[in-house]
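Note that this is a predicted model, so its numbers are computed, not measured. Proteins come first, then strands; the chains are lettered A, B, ... in the order of their sequence lines, and each starts at number 1.
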Amino acid sequence: MKKYILDLKVKINTQINHQYFLLILGSGSKLPKMLPGQFAEVRIDGSKDTFLRRPISIHFVDYPKNELWLLVQIVGKGTKQLSTYKQGDILNLILPLGNTFTIPENRHEKLLLAGGGVGIAPLLFLGSHLFEKGYKCDFLLGARSKNDLLQINEFQKYGTVFTTTEDGSDGEKGFVTHHSILQNENFDKIYTCGPTPMMKAVAEYAEGKSIYCELSLENTMACGIGACLCCVTGTTEGNLCVCTEGPVFNSTKLKW
Amino acid sequence: MVNLKVKIGQLQLKNPVMTASGTFGYGTEYSDFIDISRIGAIIVKGTTLREREGNPYPRLAETPMGMLNAVGLQNKGVDYFINHIYPNVKNIDTNIIVNVSGSAVDDYVKTAEKLNELEKIPAIELNISCPNVKEGGMAFGTSYRGASEVTKAVRKVYKKDLIVKLSPNVTDVTEIARTVEAEGADSISLINTLLGMAIDAEKRKPVLSTITGGLSGPAVKPVALRMVWQTAKAVKIPIIGLGGIMNAKDAIEFFLAGACAIQVGTANFIDPTVTGKIIDGVEEYLKRHKFDSITDIIGALDA
């Protein structure tokens with residue numbers, strides 16, 4: 001897919017809570033085609049400490065409105081600076097980058113999209129994409145507590161949403177892999193994104209039941225286009241760039 | 001019209017802007033963003049005799065105005081380059097230069113011999129300065145004897161333009177520069193990355209898997225500029241300057257310090273189109289100051 005460097009304007013920056021914010025970026029012209037799982041490299045201007053771009057998952061694309069949504073967690077100085085962007089500010093992005101989740105051929109397969117924390121970000125775009133193509137999917141979203149469960153209303157537009165919280169304030173108490181749906185349902189495919197221990201647990205569950213499982217990694221990156229070789233992950237095919245060979249990998253391919 | 005052409009040893013460049021090895025892939029990674037044939041030369045990533053897996057993740061640490069890397073020369077080896085990459089890059093209408101690294105003199109020699117046969121590769125850049133491999137690499141570039149031995153051996157088998165890339169991690173860079181000049185290098189490029197380190201205080205652990213790594217970006221520019229200036233006075237062969245060049249103004253500073261050409265490295269990660277902007281900016285500078293040619297400002301520092 002052709003990659004672009006775009007200046008997009010901040011339409012809305014919503015602070016969801018102290019940790020997360022949603023950036024809705026607008027374009028005066030038609031946005032290029034992007035696919036679920038892909039990401040953008042965002043340049044952070046105005047921070048003396050932030051030198052490199054930040055890779056951020058594509059959370060949702062509203063093509064009719066020419067809107068790109070980014071769901072961001074404040075983890076360091078770069079994302080902290082990004083959280084201060086206001087309506088009308090310009091953000092420079094390189095996109096779309098990376099590979100995509102695999103869309104199943106059979107529309108009747110039972111699909112689970114399991115996410116934790118900010119890892120739910122690419123799953124909304126995947127869910128909306130699957131929904132538009134006539135697939136049915138379930139979402140299993142986990143967080144520390146109710147306040148950290150993000151964008152639930154958006155997810156509900158595209159499928160049934162199940163939740164877990166570590167403190168039991170919403171849905172079932174515990175981690176996503178403890179949810180009863182995993183015991184009660186037989187899924188054909190699982191797509192997951194979230195903290196590494198969560199993805200490992202999901203992958204282990206899937207592999208134990210011989211379920212095809214794809215997960216999305218978020219290694220630190222410099223270039224985002226396969227030039228610097230900084231973001232590699234160990235796989236059965238050797239060290240591969242997460243930015244070009246990923247971020248989406250079949251769970252059985254990873255050595256972790 | 002100002003003249004941007006320069007001659008570096010036996011190498012003719014349409015302009016003095018090159019890309020630094022390891023920051024521009026094989027060039028084609030950038031072709032969605034920029035007409036890569038505009039660039040004076042593309043130095044493709046470090047190539048070794050045999051395939052190298054490189055170092056484990058994490059390989060990157062952001063630093064104030066720069067970054068540390070510990071890639072460790074991940075590449076599929078020279079034969080893979082010849083059979084699978086060369087066919088795709090040989091028709092790019094600019095100079096494609098291969099950066100050559102190794103862990104023994106014989107590795108450098110065998111790799112250089114193979115590359116000598118490739119019609120569309122007019123030069124190699126001998127990397128005797130990589131800080132991220134255990135043996136070899138920087139070990140050659142930080143001793144008078146090592147630099148001498150590897151340059152001499154490669155010079156015997158490599159008939160085209162030979163660039164030797166020097167390490168800044170030395171007491172006196174001019175001593176190494178004179179050595180490689182005496183052993184037949186056509187030009188010298190400097191600086192490779194500065195050996196550095198990053199620590200995660202919360203976890204009380206090093207950030208990089210290899211603990212130490214190579215620092216690049218604007219943070220190293222003053223050091224690079226000083227070393228280019230010192231080296232340009234010490235040798236007669238042309239100098240290719242690099243280290244933290246982010247824009248045309250930075251590039252001009254290197255020309256004034258004595259560099260005949262420059263390489264753009266880390267800046268490509270932040271702006272994939274930066275090389276084009278630097279070419280345009282250098283031209284604009286020459287026009288504004290009424291110079292006819294880039295050669296008018298090389299070493300023209302009024303000091």
Side-chain angles (χ1 to χ4, degrees), chain A residues 1-7 32 41-45 47-55 75-79 81 92-98 196 217-247 254-256, chain B residues 19-34 42 44-46 51-76 132 200 202 207-209 213-214 216-219 244 246 265-274:
Chain A
M1 284 173 79
K2 186 173 159 60
K3 305 175 198 79
Y4 300 84
I5 304 175
L6 299 177
D7 279 329
E41 275 271 58
V42 181
R43 200 180 70 208
I44 315 280
D45 296 329
S47 164
K48 62 179 177 8
D49 299 309
T50 309
F51 178 64
L52 298 167
R53 287 174 182 263
R54 293 293 185 268
V75 287
K77 287 168 180 168
T79 42
Q81 178 69 18
N92 183 270
L93 303 98
I94 306 175
L95 57 75
L97 301 175
T196 305
L217 299 183
E218 45 167 21
N219 288 12
T220 50
M221 284 178 192
C223 72
I225 57 173
C228 71
L229 311 187
C230 286
C231 66
V232 294
T233 190
T235 74
T236 52
E237 296 167 21
N239 284 330
L240 295 179
C241 279
V242 169
C243 68
T244 49
E245 306 288 332
L254 292 180
K255 280 185 174 172
W256 60 352
Chain B
T19 57
S21 176
T23 67
F24 211 67
Y26 295 101
T28 48
E29 289 86 343
Y30 284 80
S31 47
D32 274 351
F33 310 112
I34 180 174
I42 295 170
V44 303
K45 74 165 287 81
E51 179 170 0
R52 284 183 59 95
E53 264 289 289
N55 294 321
Y57 180 84
R59 296 176 168 183
L60 166 70
E62 189 177 44
T63 65
M65 294 313 280
M67 59 178 273
L68 286 158
N69 90 80
V71 172
L73 294 171
Q74 180 180 330
N75 79 103
K76 289 188 182 290
N132 291 326
D200 183 330
E202 292 301 318
V207 177
L208 300 172
S209 68
S216 65
M246 297 297 286
T266 306
N268 292 306
F269 302 154
I270 291 127
D271 180 1
T273 69
V274 70

| field | Smallest separation among heavy atoms of A:Leu229 and A:Cys241, with atom names | value |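 Taking A:Leu229 first and A:Cys241 second, the nearest heavy atoms are CD2-SG, 3.5 Å.
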
| said: On a heavy-atom basis, which atom in B:Glu62 and which in A:Leu52 lie closest, and how many Å separate them? | reply: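 Nearest heavy atoms, B:Glu62 then A:Leu52: OE2-N, 2.7 Å.
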
| task | To the nearest 0.5 Å, tell me how far A:Arg54 CZ sits from A:Thr220 OG1. | result |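 Atom-to-atom, A:Arg54:CZ and A:Thr220:OG1 are 9.5 Å apart.
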
| field | Separation of B:Met246 CE from B:Asn268 CG (nearest 0.5 Å) | value |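 Between atom CG of B:Asn268 and atom CE of B:Met246 there are 9.5 Å.
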
Contacting moiety of [X], where chain B heavy atoms sit under 4.5 Å:
X	result
A:Asn239	both
A:Asn219	both
A:Thr233	neither

Give the member of [options] that has the highest number of heavy-atom pairs under 4.5 Å with chain A.
options	answer
B:Pro58, B:Gly66, B:Gly22	B:Gly66
B:Asp32, B:Thr23, B:Leu60	B:Asp32
B:Met67, B:Glu53, B:Glu29	B:Glu53

Check each atom of [X] against the heavy atoms of chain A and say whether the ones under 4.5 Å are side chain, backbone, both or neither.
X	result
B:Thr63	backbone
B:Phe24	backbone
B:Asn55	backbone

| task | Determine yes or no for a side-chain-to-main-chain donor-acceptor pair under 3.5 angstrom, with A:Arg53 supplying the side chain and B:Ile270 the backbone. | result |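 Yes: the side chain of A:Arg53 pairs with the backbone of B:Ile270.
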
| No-hydrogen, no-angle side-chain donor-acceptor test under 3.5 Å, A:Ser47 and A:Asp49 |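 Absent: no donor and acceptor within the cut-off.
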
| Taking side chain as C-beta onward, heavy atoms only, is B:Ile42 less than 4.5 Å from B:Tyr30? |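 No, side chains not in contact.
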
